[in-house]
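Before any comments, here is the structure.
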Amino acid sequence: MNAQAEQVTSVADIVKLVLCPLFIIAGVVAFYHFSDLLLLYRVLGLVVIVSMAVGICFTTAKGRAVWQFTHEAKLEVRRVVWPTRDETVRTTLLVFAMVFIVGLILWLLDMFLFWAIQLLMSQGIQ
């Protein structure tokens, strides 16, 4: 059994969530349908329609949950202890050095295996 109870979605929320993509699709169709208008007006109209669709989505229970999650994530990012510039530079240089060393080891291994296979193939032909 789930620890969390499933939320019951109301019919109004379902209708809103279905209408949001339909509004966006209608906005894109209108953008291309009114191609004789100035591009600025078409872009502004599309921005208004997309903004309305997003606003309608945020009035649903799922939209409010997404907004709450975004708000909590933003608060959590403020609590993060970010590394100093010196720590970032040292870590980056260490990563570059390790990539170079591993690349060199793999190159040497490849050269050795290539040499060994050539040696075995030349002995098998004679």
Side-chain angles (χ1 to χ4, degrees):
M1 184 167 209
N2 287 344
Q4 294 179 332
E6 289 187 26
Q7 288 184 340
V8 177
T9 307
S10 69
V11 174
D13 282 355
I14 293 172
V15 169
K16 288 177 187 177
L17 290 173
V18 168
L19 285 177
C20 289
L22 292 177
F23 280 157
I24 293 173
I25 291 169
V28 171
V29 168
F31 179 83
Y32 288 108
H33 178 71
F34 296 110
S35 61
D36 55 333
L37 292 177
L38 193 62
L39 180 64
L40 175 66
Y41 297 141
R42 293 188 297 149
V43 169
L44 287 176
L46 187 60
V47 167
V48 167
I49 289 173
V50 169
S51 299
M52 286 175 31
V54 169
I56 291 171
C57 274
F58 281 141
T59 61
T60 65
K62 290 184 188 263
R64 286 189 293 273
V66 168
W67 183 258
Q68 182 67 25
F69 175 77
T70 305
H71 180 68
E72 290 173 3
K74 197 162 76 169
L75 291 176
E76 192 65 31
V77 166
R78 289 182 186 163
R79 294 185 201 146
V80 172
V81 178
W82 297 102
T84 64
R85 180 177 174 86
D86 187 47
E87 290 172 336
T88 305
V89 168
R90 285 184 184 180
T91 305
T92 304
L93 291 175
L94 182 65
V95 168
F96 283 154
M98 289 305 297
V99 166
F100 178 77
I101 290 169
V102 169
L104 185 64
I105 290 170
L106 290 175
W107 177 72
L108 289 172
L109 180 66
D110 181 55
M111 293 300 288
F112 172 75
L113 290 174
F114 183 71
W115 172 78
I117 289 174
Q118 273 188 335
L119 184 66
L120 289 174
M121 294 296 282
S122 66
Q123 288 178 357
I125 295 174
Q126 294 176 356

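This is a predicted model, so every value here is computed, not measured.
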Worksheet item: Do Val15 and Val18 belong together in a cluster built from hydrophobic side chains that touch within less than 4.5 Å?
Response: yes

Item to complete: Would you indicate whether the side-chain heavy atoms of Leu75 and His71 approach each other to under 4.5 Å?
Response: yes

Fill in: Side-chain touch Val28/Leu46, heavy atoms, less than 4.5 angstrom
yes

Item to complete: Look at the side-chain heavy atoms of Ile, Leu, Val, Met, Phe, Trp and Tyr, link any pair under 4.5 Å apart, and say whether Leu108 and Phe114 land in one connected group.
Response: no

Worksheet item: Between Leu19 and Val29, is there a shared hydrophobic cluster once you connect ILVMFWY residues whose side-chain heavy atoms come closer than 4.5 Å?
Response: no

Item to complete: Find out if a path of hydrophobic residues (ILVMFWY) with successive side-chain heavy-atom gaps under 4.5 Å connects Tyr32 to Ile49.
Response: no

Item to complete: Go through the structure and list residues passing side-chain hydrogen bond (donor to acceptor under 3.5 Å, both in side chains) with Gln118, not counting sequence neighbours.
Response: none

Worksheet item: Which pair of non-hydrogen atoms, one from Gly63 and one from Phe58, has the smallest distance, and what is that distance?
Response: O-CD2, 3.3 Å

Worksheet entry | CG on Leu120 to CH2 on Trp115, rounded to 0.5 Å | 9.0 Å

Fill in: Results of side-chain hydrogen bond (donor to acceptor under 3.5 Å, both in side chains) for Thr59 - residues two or more places apart only
Lys16

Response to the item:
Here the pair of heavy atoms bringing Thr60 nearest to Asp13 is CA-OD1, 3.5 Å

Worksheet item: Can you tell me how far the CH2 atom of Trp107 sits from the CZ atom of Phe100, to the nearest 0.5 Å?
Response: 9.5 Å

Fill in: Derivation and outcome, side chain to side chain contact (heavy atoms under 4.5 Å, CB included), residues Trp82 and Val77
CA-CA 10 Å; Trp82 297 102; Val77 166; 4.0 Å; yes

Worksheet entry | same_hphob_cluster(Val66, Val54) at 4.5 Å side-chain heavy-atom cutoff | yes

Item to complete: Identify, with sequence neighbours excluded, every residue that meets salt bridge (Lys or Arg N to Asp or Glu O under 4.0 Å) alongside Arg79.
Response: Glu76

Worksheet entry | Spatial distance of atom CG (Leu109) from atom CE (Met111) [nearest 0.5 Å] | 11.5 Å

Discussion item. Do Phe31 and Leu37 have side chains that approach each other closer than 4.5 Å (heavy atoms only, starting at C-beta)?
Written reply: no

Worksheet item: Which heavy atom of Cys20 sits nearest a heavy atom of Cys57, and at what distance?
Response: SG-SG, 2.8 Å

Worksheet entry | Nearest-0.5 Å distance that lies between atom CG in Leu17 and atom CG in Leu22 | 11.0 Å

Worksheet item: Is there a side chain to side chain contact (heavy atoms under 4.5 Å, CB included) between Asp86 and Arg90 once you walk through the steps?
Response: CA-CA 6 Å; Asp86 187 47; Arg90 285 184 184 180; 3.4 Å; yes

